[in-house]
Amino acid sequence: MNHDPRTQAAESSSSRRLFAFNGGFYRQKRLRRILKLAGYDLRLGWPNSEDQIAIWGQSPTAHRGHSVSDRTNAKKLFIEDALLRSLHPGRVAGEPPIGLLIDQESPHFDPSIPSDLEDLLVTHPLDDSALLNRARAAIARLQEAHLTKYAAVEPDLPPPAPGYVLVIDQTRGDASVKASGGTDARFREMLVMAQEEHPGCPVLIKTHPETAHGKRDGFYGPDDVTARVSLCTEAYSPWVLFEGAVGVYTLSSQMGFEAIFAGHKPRVFGQPFYAGWGLTTDEFPVPRRQRILTRAQLFAAAMILYPRWYNPCSDQLCQLEDVIDQLEAQARAWRADRHGWAAFGMRLWKRKPLQRFFGTIKPLTFDKERADRPSMVWANKLGPKGAIRVEDGFLRSRGLGAELVPPLSLVTDDLGIYYDPNSESRLERLIALRSSLRPDQQHRAEKLIRDLRTLGLSKYNLGGATPPLPQGRLILVPGQVEDDASIVTGCDTIKTNQALLELVRSENPDAIVLYKPHPDVEAGLRTGAVSNAANLADMVLQYADMAQLLEQVDEVWTMTSLTGFEALIRDVSVVTFGAPFYAGWGLTKDRGAVPTRRTARPDISGLVHATLIDYPRYRDPISGLPCAVETVLERLATGNIPHPGIANRLISKVQGKLASYHSLWR
């Protein structure tokens with residue numbers, strides 16, 4: 001049994017013939033793809049004794065596979081959705097799974113025969129500290145991001161008053177219910193016991209998502225509502241419900257599994273895979289399960305070692321952490337966009353990219369206020385009161401925004417906007433929050449920093465050659481677009497490239513001053529040219545690659561340029577004369593007035609986590625899915641990005657001439 005995705009190439013090179021007698025295996029592209037990557041060659045036809053037969057759990061068609069296996073002696077292979085699946089149940093939205101459970105012995109939920117998962121739980125040492133640390137970190141991430149099997153939940157719903165008993169409903173006909181002997185009488189007993197064992201406490205019945213969407217009946221309904229018992233049909237995050245519960249009752253629901261990691265010891269009336277290990281109170285114990293496990297050990301086996309996880313952006317098998325990255329991005333987008341958006345201040349050419357980012361659930365409307373949806377407005381443009389602000393992200397594209405190259409990342413801010421220090425932004429709060437990181441967060445941020453440096457990535461990734469630089473103390477002065485909103489709102493004395501260059505030269509007569517004009521200015525699309533730059537700087541580095549340049553300089557002196565942030569990533573000293581988002585946290589030498597509210601002291605990893613992981617939204621240009629920053633790094637590094645054609649470039653030239661003093665994609 002090999003569950004390491006790093007061996008998938010070896011598995012695929014010796015694929016095992018697999019036959020199925022359920023049409024879903026052949027119709028579902030994602031299912032076929034995961035099986036292929038896991039080393040199975042799915043075929044039509046009749047198997048022999050050396051082959052395997054795919055059986056979907058205990059589905060209505062499972063008997064076909066069992067029958068053919070009996071006739072041919074072909075081995076059975078039991079397949080089910082993984083425990084993190086998608087945003088919505090497959091019956092609700094038709095979404096494919098993000099992972100599979102592939103078992104040689106039995107469906108994981110069937111207690112009558114030990115499954116591969118149960119074998120792991122019984123025999124695997126589960127004592128590797130690295131594995132258990134991964135498990136603890138993943139649990140924390142699932143809780144923080146409110147991820148569950150069906151992640152289309154709304155964490156911001158006002159929670160029920162705490163002190164209730166949580167009873168978890170399931171759907172009639174569910175295979176895990178049948179396998180655990182679930183009947184109406186068993187569910188009645190569970191509800192009665194919840195009330196008897198917690199006298200005086202209200203009882204909250206959590207309805208299954210498929211029942212809430214009208215796809216399958218549950219075991220509880222309106223007839224069960226009393227003065228003490230209520231139905232919960234809203235899309236609450238399980239992690240929110242667990243926080244207010246004084247007890248959790250379930251037959252075999254996955255929510256019982258999740259409740260364990262929220263600190264509960266659920267009362268279990270069936271025999272699910274997670275019962276019998278000392279972490280549940282079992283009404284019907286499985287006698288052969290005698291081992292006592294910790295929460296981390298149970299999670300490691302069920303969520304890390306057992307499943308085959310799949311990344312739809314890379315189209316490869318992956319680790320659990322990669323799946324969490326991806327599902328978190330998709331859940332974040334769904335939660336933000338599910339009501340639709342009314343967009344304001346968006347130039348015509350931006351509207352298609354914005355639809356791709358924010359309009360996949362409900363198309364954006366433009367310049368029309370609507371009572372049934374929130375509003376967004378571009379950067380510093382005028383818009384309705386309370387509208388969130390939208391701007392480019394910090395890993396933007398391969399090419400300039402002013403050349404109408406669509407972005408791979410955008411930021412949204414419900415408090416302000418990151419470049420305006422006159423009011424607190426959402427990014428500021430995130431930076432303060434990340435002044436302390438868990439070990440897994442620290443590791444992710446540090447790896448991101450290493451990858452940015454190794455791959456030589458920056459905001460625009462224009463390429464270009466960097467000439468040999470002289471020996472000495474090298475100070476880089478990045479030019480900016482002088483009507484940029486970050487300068488208008490964040491600079492009090494030094495507000496032009498000319499003034500900045502003059503000050504740097506006068507204060508550092510013995511240093512080698514390097515001036516790098518802003519790419520939009522170099523392209524003739526924005527204002528900010530310095531006519532005598534060659535007299536003030538030792539070198540004017542036109543079209544030089546910024547990432548390469550930052551690896552060679554000693555200091556960056558800037559007003560508010562993002563180059564200062566990119567320099568911090570590369571351990572370069574930064575002096576600021578304005579109040580960019582990265583100033584005021586103890587990481588820069590601040591010569592401008594920075595907000596006194598910036599009192600937290602994150603290290604560079606915390607700043608990077610907030611700025612590049614937490615704050616932006618990313619979109620994979622190949623799959624079209626919301627994605628994690630790591631996917632965008634891969635796209636930028638390989639150049640596997642659709643690029644606008646000549647028409648866009650011509651429009652950008654005309655637009656630059658007609659609107660050089662207006663904010664474009666920066």
Q | Donor-acceptor under 3.5 Å (Asp116 side chain, Asp103 main chain) | A | no
Q) What heavy-atom pair brings Pro97 and Arg30 nearest, and what distance separates the two atoms? A) O-NH1, 2.7 Å
Q: Could you tell me whether the side chain of Arg134 reaches within less than 4.5 Å of the side chain of Gln319, counting heavy atoms only?
A: yes
Q: Say whether, by atom type as modelled, one donor and one acceptor occur between the side chain of Thr171 and the main chain of Gly218 under 3.5 angstrom.
A: no
Q: Would you indicate whether the side-chain heavy atoms of Glu210 and Asp174 approach each other to under 4.5 Å?
A: no
**Q.** Basic-acidic side-chain contact under 4.0 Å: Glu424, Arg597
**A.** no
Q: Using atom types as modelled and distance alone, determine if a side-chain donor or acceptor of Gln271 lies under 3.5 Å from a backbone N or O of Phe284.
A: yes
Q | Asp282 bridged to Arg289 by N-O distance under 4.0 Å | A | no
Q) Would you call Asp413 and Arg426 a salt bridge, using N to O less than 4.0 angstrom? A) no
Q: Report yes if the side chains of Pro160 and Leu241 come closer than 4.5 Å at any heavy-atom pair, otherwise no.
A: yes
(Q) Does the plane of the ring in Phe261 sit parallel, tilted or perpendicular to the ring in Phe299? Use 30° and 60° as the thresholds. (A) perpendicular
Q. Between Arg188 and Asp224, is there a side-chain N and carboxylate O pair less than 4.0 Å apart?
A. yes
**Q.** Distance-minimising heavy-atom pair for Leu31 and Gly24
**A.** CD2-O, 3.9 Å
Q.
Looking at Arg64 and Phe21, would you say the former's side chain and the latter's main chain have a donor-acceptor pair under 3.5 Å?
A. yes
Q. Taking atom types as modelled, is there a side-chain donor on His339 or Lys362 under 3.5 Å from an acceptor on the other?
A. no
Q: Of all the heavy-atom pairs spanning Val248 and Ala259, show the shortest one and how long it is.
A: CG1-CB, 4.0 Å
Q | Heavy-atom pair of closest approach, residues Arg291 and Leu120 | A | NH1-O, 4.1 Å
Q | Neighbour count >12 (heavy atoms, 6.0 Å) for atom NE2, His443 | A | no
Q: Tell me, yes or no, whether the heavy-atom count around Glu189 atom CD, taken from other residues, nucleotides or ligands under 6.0 Å, exceeds 12.
A: yes
Q) Looking at Met303 and Trp309, what are the two nearest heavy atoms and their distance? A) O-NE1, 2.8 Å
Q | Tyr150 six-ring face occupied by Arg85 cation (under 6.0 Å, within 45°) | A | no
Q. Would a distance-only check, ignoring hydrogens and angles, find a side-chain to backbone donor-acceptor pair under 3.5 Å from Ser67 to His63?
A. no
Q. Do you know the tightest heavy-atom contact between Leu327 and Ser86?
A. CD1-C, 4.2 Å
Q: Determine yes or no for a side-chain-to-main-chain donor-acceptor pair under 3.5 angstrom, with Arg617 supplying the side chain and Phe357 the backbone.
A: yes
Q: Keeping the roles fixed (side chain from Trp239, backbone from Leu147), state whether a donor-acceptor pair exists under 3.5 Å.
A: yes
(Q) Contact between Lys75 and Gln104 at the side-chain level, heavy atoms closer than 4.5 Å - yes or no? (A) no
(Q) I'd like to know if the side chain of Asp217 reaches the main chain of Arg172, judged simply by a donor and an acceptor atom lying under 3.5 Å from each other, with no hydrogens or angles considered. (A) no
**Q.** Side-chain touch Thr294/Trp277, heavy atoms, less than 4.5 angstrom
**A.** no
Q. Are Arg434 and Glu144 ion-paired here, with the side-chain N under 4.0 Å from a carboxylate O?
A. yes
**Q.** Arg141: which of Glu328, Glu321, Gln441 passes side chain to side chain donor-acceptor pair (under 3.5 Å)
**A.** Glu328
Q) Given side chains that start at C-beta, do those of Tyr306 and Leu101 come closer than 4.5 Å, heavy atoms only? A) yes
Q: State, without any angle test, whether Gln442 and Ser605 hold a side-chain donor-acceptor pair at a distance under 3.5 Å.
A: yes
Q) Going by an N to O cut-off under 4.0 Å, is there a salt bridge joining Glu154 and Arg338? A) yes
Q: Would you please indicate yes or no on a ring centroid separation below 6.0 angstrom for Phe257 and Phe273?
A: yes
Q | Option passing side chain to side chain contact (heavy atoms under 4.5 Å, CB included) with Tyr274 (candidates Leu279, Thr280, Leu83) | A | Thr280
